[in-house]
Amino acid sequence: MSESQIWDTVDAYLTAHLAPDDEVTEAALRDSDAAGLPQVSVTANQGKLLQLLAEIQGARTILEIGTLGGYSTIWLGRALPADGRLVSLEYSPKHAEIATRNIARAGLDKQVEVRVGAALDSLPLLADENPPPFDLVFIDADKVNNAHYLEWALRLTSAGSLIVVDNVVRGGRVVDADSGAGDVKGTRDAIELMGSHPRLSGTAIQTVGSKGYDGFALARVLA
């Protein structure tokens, strides 16, 4: 088998035993595909990781930047207590419409709110509402703005909160300091901000799997 075939096979084995999709998550992916949404949702085992992180965190409030079809939103929402709240920000009205239906099918529509618009416009409005600090923030939107999203995550969290930034390896391109690609520069800016900010303690992990070669960064907000 080729390297990518091995990654796919291992992912399938791990997912089958530890994070199998159910009718709700399968339907979310199916409807997203049927609507022509990009096939860039997290994998099932990554979704389960997000759920576990939220559960370990004891998260009551979650902020997601980048909803797409709501697949990761469902995994995160399942970790919330009955009175928990998840706010998910999505640029595309079409994507938000699909996500809203998928979230309702999952029975999470009372806890999850999808807000439509550019996240850098929605985040100041959210901050103006003076919400309780978010316990977990998942950043998975346009990569060029990753550092800006990380800065907003800091404003909307407090000591002990967890911030997760997805897709930070970019197939290895993240090491190219001379890259003119916006996704690489935005990701490097976020990694370097995470490493230098006095209120953050973070790390990043490379991953391989059915979505190829990438990774995620994880940071805890300090006092």
Side-chain angles (χ1 to χ4, degrees), residues 8 11-12 15 19-54 59 61-80 82 84-126 129 131 134 136-146 148-149 152-153 156 164-168 170 182-183 186 207 209-212 214 216:
D8 289 348
D11 246 6
T15 298
D21 273 308
D22 54 33
E23 291 182 3
V24 169
T25 53
E26 285 180 351
L29 292 175
R30 183 178 62 247
D31 287 1
S32 296
D33 289 346
L37 273 60
Q39 295 182 333
V40 292
S41 297
V42 301
T43 59
N45 49 2
Q46 291 168 336
K48 183 64 175 291
L49 174 61
L50 291 173
Q51 180 180 331
L52 287 171
L53 288 173
T61 54
I62 298 173
L63 173 62
E64 179 181 50
I65 303 176
T67 317
L68 194 60
Y71 183 76
S72 58
T73 319
I74 292 169
W75 283 103
L76 286 165
R78 286 175 168 177
L80 287 171
R85 180 191 187 205
L86 190 159
V87 177
S88 189
L89 309 181
E90 173 54 45
Y91 176 78
S92 166
K94 176 184 176 181
H95 296 179
E97 180 182 354
I98 301 299
T100 299
R101 292 204 298 264
N102 287 334
I103 290 162
R105 183 195 289 120
L108 295 168
D109 48 312
K110 298 295 191 296
Q111 296 162 286
V112 176
E113 177 187 3
V114 179
R115 299 191 179 189
V116 182
L120 291 180
D121 294 332
S122 299
L123 287 163
L125 297 175
L126 178 61
E129 297 170 13
F134 288 96
L136 186 149
V137 178
F138 178 48
I139 299 172
D140 188 16
D142 58 304
K143 310 309 174 186
V144 67
N145 285 310
N146 269 345
H148 299 304
Y149 297 147
W152 273 107
L156 292 164
V164 183
V165 185
D166 202 13
N167 306 127
V168 299
R170 316 303 297 160
D183 64 329
T207 61
S210 57
K211 292 296 178 68
D214 214 319
F216 65 93

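Start at 1 with the first residue, then count along the sequence.
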Trainee: With sequence neighbours excluded, tell me which residues meet side chain to side chain donor-acceptor pair (under 3.5 Å) with Ser72.
Mentor: Glu64
Trainee: Quick check against the 3.5 Å criterion: does Glu90 have a side-chain atom that pairs as donor or acceptor with the backbone of Thr67?
Mentor: yes
Trainee: For the side chain of Asp214 and the backbone of Thr207, is there at least one donor-acceptor N/O pair under 3.5 Å apart?
Mentor: no
Trainee: Using a cut-off of 6.0 Å, state whether more than 12 heavy atoms not belonging to Glu23 lie near its atom CD.
Mentor: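 Open.
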Trainee: Looking only at side chains, do Thr100 and Glu97 share a donor and an acceptor under 3.5 Å apart?
Mentor: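 No - no donor-acceptor pair under 3.5 Å links their side chains.
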Trainee: Between Arg85 and Glu113, does at least one N-O distance fall below 4.0 Å, as a salt bridge requires?
Mentor: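 A salt bridge is present here (some side-chain N lies under 4.0 Å from a carboxylate O).
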Trainee: Out of Thr73, Ile74, Val24, which one pairs with Leu108 under the side-chain contact (heavy atoms from CB on, under 4.5 Å) rule?
Mentor: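 The single option meeting the side-chain contact (heavy atoms from CB on, under 4.5 Å) with Leu108 is Ile74.
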Trainee: Hey, what do you get for CZ (Arg101) to CG (Asp109), rounding to the nearest 0.5 Å?
Mentor: 13.5 Å
Trainee: Do NZ/NE/NH1/NH2 and the carboxylate oxygens of Asp166 and Lys211 come within less than 4.0 Å?
Mentor: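 Judged by the 4.0 Å cut-off on N to carboxylate O distance, Asp166 and Lys211 do not form a salt bridge.
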Trainee: Under the salt bridge (charged side-chain N to carboxylate O under 4.0 Å, His left out) rule, collect the residues that match up with Arg30, sequence neighbours excluded.
Mentor: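 Per chain and number, Arg30 pairs via salt bridge (charged side-chain N to carboxylate O under 4.0 Å, His left out) with no residue.
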Trainee: Using a strict cut-off of less than 4.0 Å between a Lys/Arg side-chain nitrogen and an Asp/Glu carboxylate oxygen, indicate whether Asp31 and Arg105 qualify as a salt bridge.
Mentor: yes
Trainee: Is the closest side-chain donor-acceptor distance between Asp142 and Tyr149 under 3.5 Å?
Mentor: yes
Trainee: Donor-acceptor pair, distance only, cut-off 3.5 Å: does the side chain of Thr25 make one with the backbone of Asp21?
Mentor: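 Side chain of Thr25 to backbone of Asp21: no pair is present.
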Trainee: Strictly distance-based, threshold 3.5 Å: is any side-chain N or O of Thr15 a donor or acceptor partner for the main-chain N or O of Ala12?
Mentor: no
Trainee: For Gln51, which residues count as a side chain to side chain donor-acceptor pair (under 3.5 Å) partner, sequence neighbours excluded?
Mentor: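 For Gln51, the residues satisfying side chain to side chain donor-acceptor pair (under 3.5 Å) (neighbours in sequence not counted) are Glu55.
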